[in-house]
Amino acid sequence: MTEHKIINGFSKLDRLQKIEWLVEQLNLDEVTADFLNSFQLAEQSVQNIIADLSENHLSNYHLPFSVAPNFVVDDKVITFPLVTEESSVVAALAKAAGYWAKRGGFHSKIIGTEKKGQVHFSWSGKPEKIFRSFPELKKQLEQEAAPLTQNMEKRGGGITAITLKHLPEIIPNYYQLDVSFETCEAMGANFINSCLEQFGKTLKSWVQTNDEFQAEEKETDVIMAILSNYVPNSRVKVWVECPVEELESDAEKAHAFALKLVQAVHISRHDVSRAVTHNKGIFNGIDALAIATGNDFRAIEAGGHAYAASSGQYRGLSDAGITNGKFWFSLELPLAVGVVGGVTSLHPLAKLTMAILGQPTASQLMGYLAVAGLASNWSAVRALVTSGIQQGHMKMHLSNILNSLHVSDEQKRAARLYFQDRGVSYSEVQNYLNEHAK
Ligand code: MEV
């Protein structure tokens with residue numbers, strides 16, 4: 001690794017100075033600056049929006065913006081915009097959409113939209129004393145947060161519950177204000193964190209001025225105030241279903257396939273090694289749509305994985321079965337997303353995504369995200385229990401291999417034709433090119 005010096009005040013340099021520093025310190029090629037500049041947008045106003053999304057911006061990092069059409073969700077036909085670096089994901093979603101469009105489409109049901117956050121604090125006094133005074137504290141918390149909650153309340157949201165918890169098993173004298181929120185069309189992270197930080201201040205001064213507390217009980221230490229990305233009560237369920245025979249053109253094959261698929265899903269619900277990969281396949285779809293909408297996919301993933309482990313064992317998030325001759329395949333998971341504010345309202349492609357989705361409400365978007373997860377899961381598990389995934393994956397991967405080997409468009413066309421009915425691997429593509437370059 002090239003050694004380089006620690007730099008102070010890097011963030012204060014302008015973009016070109018930052019690039020210059022990087023090129024100089026890391027002995028990069030002189031053309032690095034031109035290379036980075038070539039990814040900048042010509043339209044300055046849009047470029048400024050992208051640059052302002054992050055600190056220390058040097059250039060733009062491109063990923064494909066794709067679409068998967070033909071999603072039928074609750075009888076509505078929708079096209080899903082998707083952003084992903086994995087070549088097979090969009091194809092998997094498009095395939096699942098077309099397949100289920102002929103079999104009644106996807107169905108969705110919102111189970112709840114409650115978001116949560118906590119003020120973590122320590123207080124050394126008699127627990128029953130703080131619990132006794134809690135209704136009074138609660139009133140003061142609500143009053144002092146009113147300037148922050150007014151607008152959200154006008155939109156039908158706000159703080160919906162405040163609970164005091166004593167958790168000495170974690171740390172002696174440790175308490176939580178466990179707060180529930182309704183954030184309507186917004187993901188609500190800023191709103192929730194602002195309310196919680198205000199709660200921390202109110203709590204501190206309330207404890208200090210409470211006449212019922214002895215002098216030694218007038219101190220409280222607010223450890224932190226932050227929203228939780230674990231939102232088990234902001235949950236959506238999506239599913240597909242059809243008579244088993246309709247799964248395949250041949251009834252016998254359909255039954256065998258349904259049984260195998262149900263077994264595969266069952267394994268994911270009991271074996272952690274399989275569960276993780278199974279859920280990765282679900283998040284292939286959810287993340288791709290979440291990124292396109294400008295939503296925070298790390299928050300979605302963290303909450304989803306925690307929910308997958310909520311029984312004490314990490315399990316596959318989807319479920320499948322055969323009931324009275326009907327095959328069903330479902331996914332239930334927590335999702336906290338917004339359709340206003342943040343990157344969703346700023347990034348031009350996120351705005352276009354919302355237009356393509358028909359300007360959904362936050363609840364509708366929860367459904368679409370879960371549908372994207374179920375669709376990618378369907379295609380992955382379907383391939384796994386039939387042909388295996390490598391066949392499809394490597395075909396999609398062929399383009400990446402050809403690009404990495406810098407072949408001409410004509411050679412690409414010829415190679416695609418040649419590999420149409422053949423297995424693809426890096427060495428096979430290389431061998432093929434060596435032979436055909438002669
Ligand atoms: C690959 O990105 C995802 C899969 O591994 C998911 C799965 O195994 O279910 C195909």
Side-chain angles (χ1 to χ4, degrees), residues 63-68 71 80-100 106 237-240 247-248 256-292 297-298 300-309 313-321 327-333 335 369-401 403-404 423-426:
L63 284 175
F65 177 81
S66 314
V67 290
F71 272 96
F80 283 0
L82 301 161
V83 174
T84 176
E85 91 298 345
E86 191 173 332
S87 41
S88 57
V89 168
V90 177
L93 264 86
K95 212 166 167 185
Y99 181 95
W100 283 106
F106 293 81
K237 178 177 177 168
V238 293
W239 69 97
V240 285
L247 287 169
E248 295 268 355
F257 164 63
L259 277 178
K260 239 176 161 181
L261 195 130
V262 170
Q263 282 176 338
V265 173
H266 188 75
I267 292 168
S268 85
R269 293 185 70 80
H270 293 86
D271 177 72
V272 71
S273 289
R274 178 57 205 148
V276 173
T277 321
H278 184 93
N279 288 345
K280 190 273 184 188
I282 291 173
F283 283 106
N284 273 346
I286 296 180
D287 287 355
L289 180 55
I291 294 170
F297 65 97
R298 286 89 54 216
I300 293 174
E301 285 245 7
H305 292 299
Y307 186 68
Q313 186 192 328
Y314 186 90
R315 298 179 192 279
L317 284 162
S318 62
D319 203 357
F327 168 82
W328 56 267
F329 184 46
S330 66
L331 170 65
E332 189 172 322
L333 86 167
L335 285 165
L369 288 161
V371 164
L374 188 65
S376 62
N377 187 217
W378 162 261
S379 286
V381 180
R382 186 181 188 213
L384 287 172
V385 301
T386 54
S387 59
I389 59 153
Q390 277 316 88
Q391 197 183 318
H393 258 218
M394 292 316 281
K395 283 265 154 65
M396 298 299 298
H397 197 47
L398 177 61
S399 298
N400 289 350
I401 297 175
N403 282 336
S404 73
V424 178
S425 75
Y426 194 87

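Sequential numbering from 1 along the given sequence is applied to the chain's residues. Computed from heavy atoms alone, side chains included, the values below leave out hydrogens, waters and symmetry copies. Remember, it's 1-based here, ligands and their atoms both numbered in the order they're listed.
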Exercise for review: Classify the side-chain pair H397/Y426 by whether it contains a donor and acceptor separated by less than 3.5 Å.
Suggested key: no
Study note, to complete from the structure: Contacts of E332 meeting salt bridge (Lys or Arg N to Asp or Glu O under 4.0 Å) (sequence neighbours excluded), chain-then-number -> R235
**Study point:** Within-cut-off N or O pair, K280 and ligand 1, under 3.5 Å
**Key:** yes
Check your understanding: When you look for heavy atoms under 4.0 Å from ligand 1, do you find them on the side chain of N377, its backbone, both, or neither?
Key -> neither
Exercise for review: For L63, check side chain to side chain contact (heavy atoms under 4.5 Å, CB included) against everything at least two apart and list the hits.
Suggested key: Y61, V83, E85
Check your understanding: If you count the atoms of ligand 1 from 1 in the order shown, which ones are under 4.0 Å from a heavy atom of E86?
Key -> 1 (C), 2 (O)
Exercise for review: Could you tell me which atoms of ligand 1, counted from 1 in the order shown, lie closer than 4.0 angstrom to a heavy atom of T277?
Suggested key: 5 (O), 6 (C), 7 (C), 8 (O), 9 (O)
Practice item. Using distance alone, determine whether R274 and ligand 1 share an N or O pair under 3.5 Å. Key: yes
Practice item. Ignoring hydrogens and angles, state whether a donor on the side chain of N284 or S376 is under 3.5 Å from an acceptor on the partner side chain. Key: no
Practice item. Answer side chain, backbone, both or neither: which part of L384 comes under 4.0 Å from ligand 1, heavy atoms only. Key: side chain
Exercise for review: To the nearest 0.5 Å, tell me how far L331 CG sits from L317 CG.
Suggested key: 6.0 Å
